[in-house]
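First the proteins, then the strands, lettered A, B, ... as listed; each starts at 1.
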Amino acid sequence: MPEGHTLHRLARDLDDAFGRSVVRVGSPQGRFAEQAARIDGRVLEEAEAWGKHLFLDLEGEQVVHVHLGLYGKFAVHTGVEEVLDPVGQVRMRLVRADGRAYADLRGATACELLTPEGRAAVVARQGPDPIRPDADPTPAWERIHRSRAPIGGLLMDQTVLAGVGNVYRAEILFRHRMHPLRPGRTLRSGQWQAMWDDLVELMATGVRVGRIETVRPEDQAAAKARARATRASDAGRGRRPSYNYVYRHHGEPCIICGSTIRTEELQGRNLFWCPRCQPVFRSRATA
DNA sequence: CTGTTATGTGCAG
DNA sequence: TGCACCTAACAGA
């Protein structure tokens, strides 16, 4: 589930398991074998996340850059008795020198060796990351404030804001009663500030609990009721109940107003919104 | 078994 | 805008 919270949690887990230790690096699948050989046996100094990017800083100015893409997985195994044989296509495997921890990377969009300069270049392309304590939302507001593009697109643009993916986008827009196609320049600064503050809190929760949770406490009962009803009437459709407001709930009733949740494609990604809770924006000039 | 879908990105045209 | 990337989970046959 790779939105920003996944990468920050991974960085933490990898840092706990391998940080400041000698790591053996391999590529059972072979695609990363040459690079792995160059860093095998070095000390992993630190693991760090920036938006959806993960960096493993090794001694000797070597950086492993990982981006999970849509379906990449990085499975971290700690406190193990033995290191099991790799299953499936393992692009990169890390094994702690004492054999008590290992981690397997599969299906990543990016797994490459960078210099510190290359790492800095990737970071320079990222907008502020709501999960990072040093994040400054001002440059994101500057971009949004001056843009005719829909807020739904801007929230997913990693050069505007780093770490937000399709789930957080859909949910944050619902929580702020905002239509996804509303032009960025029509937002008031207070609305943006409220959304940013909310993202900081929601994404921190995501890192803590390891999944995206966006439903307010007072709406939990309604969310569970909808999940039960949907499962009953929709048996066989295979949708597992999830406690989101709108993400992947198209065709189901909104738990706040009962309207049917809608979906539509924007730039190749699915938008989800409630037509009543998130009305189309009308500027004063046209109202 | 097959087909579909996915929390993402970058490049070709 | 469309597709390639390349993995896993799931529904249905």
Side-chain angles (χ1 to χ4, degrees), chain A residues 1-11 27-33 49-55 65-75 86-93 103-112 114 118 121-127 129-131 149-150 152-175 180 199 202-215 230-231 233-251 263-273:
Chain A
M1 308 151 179
E3 295 195 23
H5 70 296
T6 304
L7 281 300
H8 280 270
R9 194 179 167 87
L10 258 178
S27 179
Q29 172 214 48
R31 279 185 57 189
F32 189 65
W50 247 108
K52 296 171 188 168
H53 297 262
L54 175 68
F55 301 101
H65 170 226
V66 171
H67 194 294
L68 294 178
L70 189 51
Y71 38 65
K73 298 259 187 318
F74 208 156
V87 176
Q89 299 283 306
V90 176
R91 179 95 51 90
M92 176 173 67
R93 167 171 276 194
D104 287 341
L105 176 69
R106 295 180 177 82
T109 281
C111 176
E112 59 181 352
L114 295 181
V122 174
V123 170
R125 271 180 247 130
Q126 307 303 303
D129 175 351
I131 296 174
L154 292 166
L155 288 173
M156 291 271 281
D157 181 338
Q158 302 298 298
T159 69
V160 173
L161 201 58
V164 172
N166 209 9
V167 182
Y168 279 121
R169 163 175 76 173
E171 296 293 294
I172 200 75
L173 287 169
F174 179 88
R175 286 169 62 99
L199 281 171
L202 288 177
M203 294 178 80
T205 299
V207 175
R208 198 175 66 246
V209 305
R211 64 179 178 277
I212 298 176
E213 279 188 2
T214 58
V215 178
T230 303
R231 233 180 330 180
S233 67
D234 222 21
R237 291 288 299 165
R239 266 180 276 161
R240 256 185 294 150
S242 67
Y243 302 114
N244 297 318
Y245 285 109
V246 292
Y247 176 72
R248 295 251 276 171
H249 284 292
H250 55 295
T263 184
E264 191 177 293
E265 216 170 83
L266 173 70
Q267 294 156 10
R269 308 301 303 279
N270 293 321
L271 293 171
F272 304 92
W273 78 99

Student: Is a donor on one side and an acceptor on the other found under 3.5 Å between the side chain of A:Glu171 and the backbone of A:Tyr245?
Tutor: yes
Student: How would you summarise protein contacts on nucleotides 1-8 of chain C per nucleotide, using B for base, S for sugar-phosphate only and - for none, with heavy-atom distances below 4.0 Å?
Tutor: -----BBS
Student: What's the CH2-C1' distance between A:Trp50 and B:dT9, to the nearest Å?
Tutor: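 Computing the A:Trp50:CH2 to B:dT9:C1' distance gives 19 Å.
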Student: Output the rounded distance in Å from CG (A:Leu54) to C1' (B:dT9).
Tutor: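 Spelled out: CG on A:Leu54 to C1' on B:dT9 is 16 Å.
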Student: Nearest whole Å is fine: how far is B:dT7 P from A:His250 NE2?
Tutor: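 About 11 Å, once rounded to whole Å.
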Student: For A:Gly51 and A:Asp129, which heavy atoms make the closest approach, and how far apart are they?
Tutor: N-OD2, 2.8 Å
Student: Within the 4.0 Å heavy-atom criterion, would you say A:Asn270 contacts the bases, only the backbone, or no part of the nucleic acid?
Tutor: sugar-phosphate
Student: Give the minimum heavy-atom separation between A:Gly206 and A:Tyr168, together with the two atoms involved.
Tutor: CA-OH, 3.6 Å
Student: Sequence neighbours excluded, which residues qualify as ring-ring contact (aromatic ring centres under 6.0 Å, His included) partners of A:Phe55?
Tutor: A:His65
Student: Tell me: CG of A:Leu271 to P of B:dA6, nearest whole Å?
Tutor: 13 Å
Student: Can you tell which of B:dG8, B:dA6, B:dG10 lies closest to the side chain of A:Arg269?
Tutor: B:dG8
Student: Please measure how far the P atom in C:dA4 lies from the corresponding atom in B:dT4, and state the result in whole Å.
Tutor: 15 Å
Student: If the P atom of C:dC3 is compared with that of B:dT5, how far apart are they to the nearest Å?
Tutor: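 Their P atoms lie roughly 14 Å apart.
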Student: For A:Met203 and B:dT7, what is the distance between atoms CE and P respectively, to the nearest whole Å?
Tutor: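 The answer, rounded to whole Å, is 15 Å.
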Student: How close do A:Gln29 and A:Arg91 get, heavy atom to heavy atom, and via which atoms?
Tutor: OE1-CD, 3.1 Å
Student: Rounding to a whole Å, what distance do you find between A:His67:NE2 and B:dG10:C1'?
Tutor: 11 Å
Student: Distance only, no hydrogens: is a donor on one side chain within 3.5 Å (strictly under) of an acceptor on the other, for A:Asn270 and A:His250?
Tutor: no
Student: Applying side-chain contact (heavy atoms from CB on, under 4.5 Å), run through A:Asn166 and A:Met156 and close with a yes or a no.
Tutor: CA-CA 7 Å; A:Asn166 209 9; A:Met156 291 271 281; 4.3 Å; yes
Student: Just how far, in rounded Å, is P of B:dT7 from NZ of A:Lys52?
Tutor: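 About 10 Å, once rounded to whole Å.
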Student: Could you measure between the two C1' atoms, the one in C:dA8 and the one in B:dG10, and give it in whole Å?
Tutor: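 Each nucleotide's C1' atom is 23 Å from the other's.
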Student: Using whole Å, what does the distance between atom C1' of nucleotide B:dT7 and atom CG of A:Asn244 come to?
Tutor: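 To the nearest whole Å, that distance equals 10 Å.
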